[in-house]
2 protein chains.
Amino acid sequence: MAGLTLRELAGKLDVSVATVSRALAGDQAIALKTRERVAEAARRFGYVPNVAARQLVSGRSGFIGFVMPVRGPNFIDSYLGEFVAGLGEGLVEHGIDLFIATVQAGRSELSVLRHVVESGRADGVVVPRIGETDERLQYLLERNFPFVAHGRLLDASVPYNWLDSDSVVAFGEAFDLLYDLGHRHFGLVSISDAMTFRHMRERGLREAMARRGDPNVTLEVASAPRFDRGATVAAINGLIHREHRPTAILGLFDELALTVMEEAARAGLSIPRDLSVVGFDNITAAAYAPPGLTTFEARTRDSAREIAGMLVDVIEKRSAGPATRLIRPQFVPRASHGPAPPPTTKF
Amino acid sequence: MAGLTLRELAGKLDVSVATVSRALAGDQAIALKTRERVAEAARRFGYVPNVAARQLVSGRSGFIGFVMPVRGPNFIDSYLGEFVAGLGEGLVEHGIDLFIATVQAGRSELSVLRHVVESGRADGVVVPRIGETDERLQYLLERNFPFVAHGRLLDASVPYNWLDSDSVVAFGEAFDLLYDLGHRHFGLVSISDAMTFRHMRERGLREAMARRGDPNVTLEVASAPRFDRGATVAAINGLIHREHRPTAILGLFDELALTVMEEAARAGLSIPRDLSVVGFDNITAAAYAPPGLTTFEARTRDSAREIAGMLVDVIEKRSAGPATRLIRPQFVPRASHGPAPPPTTKF
DNA sequence: TTCGGAATTTTAAACGTTTGCAATTGGTCT
DNA sequence: AGACCAATTGCAAACGTTTAAAATTCCGAA
């Protein structure tokens with residue numbers, strides 16, 4: 001199974017194992033001529049070092065771990081694919097591989113993470129989708145194990161490495177845009193799950209509102225559990241069918257905004273004439289759903305690539321304090337937003 | 001970093017390392033009382049075996065490898081995410097982890113695969129997206145390394161383990177449906193890349209055509225390089241704007257079918273009144289693009305889960321000959337197909 | 001009490017690397 | 001020629017586990 005060993009290669013070259021090892025590592029103590037001779041032979045015979053042996057002595061696995069939660073059978077969002085692709089891209093230039101541990105249905109994500117860390121399978125981990133408080137981070141911090149989080153804790157005083165998208169800015173931007181288009185009555189479709197980004201995005205909206213200081217501006221928030229479609233639809237309809245309907249509704253992320261568009265269509269509303277809708281993430285379907293959802297590009301793939309780099313730095317102890325990084329989402333204007341309808345339209 | 005070692009645990013229990021090792025492995029030669037005592041202590045002290053050491057002696061890594069090609073920056077299809085999720089799900093119950101090696105822009109996929117195999121990082125690999133002839137499979141077969149392929153070679157005489165979706169049946173089914181709706185002039189938007197599924201799907205269509213034995217049936221095939229949008233649009237327009245336009249166009253996969261719908265809309269054609277369109281894969285956008293794309297569910301995630309199981313069997317030598325498996329795609333009727341327009345419509 | 005053999009445990013080698021330290025080589029200077 | 005030093009190479013231990021084989025313990029029978 002395993003190909004040529006160092007010992008065999010050394011035998012062919014008539015030098016010691018140690019010399020070959022050092023030569024391949026580029027050790028200056030080995031004569032240049034020898035280094036070249038060894039490199040040449042290694043190439044010619046196709047020598048590939050055994051990672052297990054290397055790991056055993058060095059203590060480093062050459063792996064980054066990623067604990068993948070298994071979602072319901074009918075739902076995979078694009079996040080996973082984008083994120084994994086980005087991590088791979090970011091790691092490959094450092095010669096590090098990605099390793100993915102799946103969480104079995106019954107078990108907790110934390111228990112898998114713990115196993116990954118303690119078996120020495122990974123030199124560091126990336127932790128996606130951080131909740132308001134997160135036992136995974138707590139564990140990693142306690143154990144002082146290298147990690148980078150994608151997302152933030154609610155408690156901003158805890159120091160750790162994270163990267164997050166700056167949704168405060170994005171939702172502020174969205175508000176300003178819509179306000180300038182004449183909108184005064186806003187709706188936000190949110191989730192009731194304990195995720196930090198929910199607060200961030202709502203805060204972005206409210207801060208932008210406050211900056212205007214316009215007493216006529218209103219904001220209604222409707223929430224439902226994240227993967228509960230029935231409750232989501234109900235929440236949205238509560239927003240659409242109220243007496244004083246918002247003229248602009250923001251979805252916490254695209255899936256919600258798309259559902260808003262569907263329900264609006266069902267209610268006979270024309271978008272963007274009667275209602276403006278804005279989402280966040282820019283999933284593929286956003287471009288296809290008529291009339292085209294205005295949204296923000298979350299840049300998941302870029303973020304993951306960046307996270308990979310940050311984690312490598314952490315592992316190699318190149319970074320001093322905790323590294324934090326905000327990614328600014330990019331506005332993607334499509335056709336689902338427009339000027340506020342004249343007051344008469346609101347019947 | 002690495003927690004408790006076997007030696008330390010043995011020290012606490014006042015027995016030899018070997019006894020602890022055997023006890024944890026459930027070796028019957030160890031007294032039941034000892035086994036229980038050891039298990040209890042291991043749990044209590046949180047002992048987690050070091051995988052590198054274990055791998056070094058056993059020769060098994062506990063990893064399945066997946067070599068991930070990096071695509072252009074703007075394009076990630078849902079395949080990757082679904083596939084990785086499915087693999088993870090399929091592997092987790094066997095206590096095996098997934099490891100992903102990314103192919104750097106400049107390097108060949110084969111060279112990465114070779115490295116994965118020869119470094120002993122994986123006990124088996126899964127090879128996605130098989131081409132008509134595939135150097136990766138050739139290498140793995142030569143080396144007699146466990147693998148399962150997703151997709152087939154054009155040459156059906158080579159024996160190896162594969163799983164593929166039965167697109168011959170699916171495209172035959174699509175033809176029959178459309179024929180029964182009165183369609184006689186067919187178009188197929190294909191790719192010019194050397195992928196086996198291109199032949200399979202076209203063959204499914206032609207075989208179903210042949211079965212009807214209707215001399216009035218025509219089929220025009222238009223192809224373009226897979227990721228070349230400009231060429232794809234041109235090929236599609238060649239099909240749409242010809243004198244005797246097809247009344248039904250099939251896309252080799254959904255992206256192509258969706259582009260057909262876009263171009264048809266641009267040409268002022270109404271779907272499905274003037275033109276029926278059918279795709280394959282059932283990507284998310286298929287449901288959102290008006291009027292809703294009729295397609296086939298490729299069941300990538302299920303396939304990947306199944307592949308994981310097959311590979312485990314191969315690794316553990318439970319399967320006799322090469323295992324092969326055809327997954328039947330499921331028809332997903334939406335609104336993009338309908339009765340053939342009356343002959344007068346074709347101007 | 002002693003012995004044979006089964007039951008249980010221990011010893012020690014092996015897996016393929018890396019690396020501190022010792023040993024050897026080669027060259028230069030006196 | 002001898003001595004010294006630098007350059008180069010080799011020796012051997014270590015990493016944490018598994019496992020074949022040897023050693024020990026235990027038990028019941030003679």
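We name chains A, B, ... by the order of the sequence lines, and we start the count at 1 in each one.
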- Query: Say you draw a straight line from CD1 of I307(A) to CD1 of I64(A); how long is it, rounded to the nearest 0.5 Å?
  - Reply: 11.5 Å

- Any side-chain N or O of R54(B) under 4.0 Å from OP1/OP2 of dT18(D)? yes

- Please work out if V51(B) contacts a base, only the sugar-phosphate, or nothing of the nucleic acid, heavy-atom cut-off 4.0 Å. nothing

- Query: Between T5(B) and R7(B), does any side-chain donor sit less than 3.5 Å from a side-chain acceptor?
  - Reply: no

- Task: Hey, can you tell me if Y79(A) and H150(A) have their rings parallel, tilted or perpendicular (30° and 60° cut-offs)?
- Result: parallel

- Message: Among residues 16-35 of chain B, which ones have heavy-atom contacts with DNA chain D below 4.0 Å?
- Response: V17(B), A18(B), S21(B), R22(B)

- Message: It should be established whether Y47(B) places a side-chain nitrogen or oxygen under 4.0 Å from OP1 or OP2 of nucleotide dG16(D).
- Response: no

- Pair D164(A) + R152(A): basic N to acidic O under 4.0 Å: yes

- Query: Roughly how many Å is it from CZ in R60(B) to P in dG16(C), rounded to a whole number?
  - Reply: 16 Å

- Message: Testing the 3.5 Å rule here: is there a donor-acceptor pair between the side chains of R60(B) and S58(B)?
- Response: no

- R136(B) to F147(B), cation-pi by 6.0 Å centre distance and 45° axis angle: no

- Does a side-chain N-to-carboxylate-O contact under 4.0 Å join E40(A) and R43(A)? yes

- Atom CG of L56(B) to atom C1' of dA14(C): distance rounded to whole Å? 9 Å

- Query: Which whole-number value in Å describes the distance from Q55(B) CD to dA14(C) C1'?
  - Reply: 15 Å

- Message: What is the distance, to the nearest angstrom, from the CZ atom on R7(A) to the P atom on dG10(D)?
- Response: 14 Å

- Helix axis bend for the helix from dT1(C)-dA30(D) to dT30(C)-dA1(D) - C1'-based end axes, five pairs, 10° rounding: 70°

- Just compare dT18(C), dG16(D), dT10(C) and give me whichever is closest to any side-chain atom of V57(B). dG16(D)

- Message: Is the ring pair W162(B)/Y160(B) parallel, tilted or perpendicular, if the boundaries are 30 and 60 degrees?
- Response: tilted

- Query: Do the side chain of S119(A) and the main chain of N50(B) share a donor and acceptor less than 3.5 angstrom apart?
  - Reply: no

- Message: If I take atom CG in residue L4(A) and atom P in nucleotide dC15(C), what distance separates them, rounded to the nearest angstrom?
- Response: 14 Å

- Message: Without decimals, in angstroms, what is the distance between D14(A) CG and dT25(C) P?
- Response: 14 Å

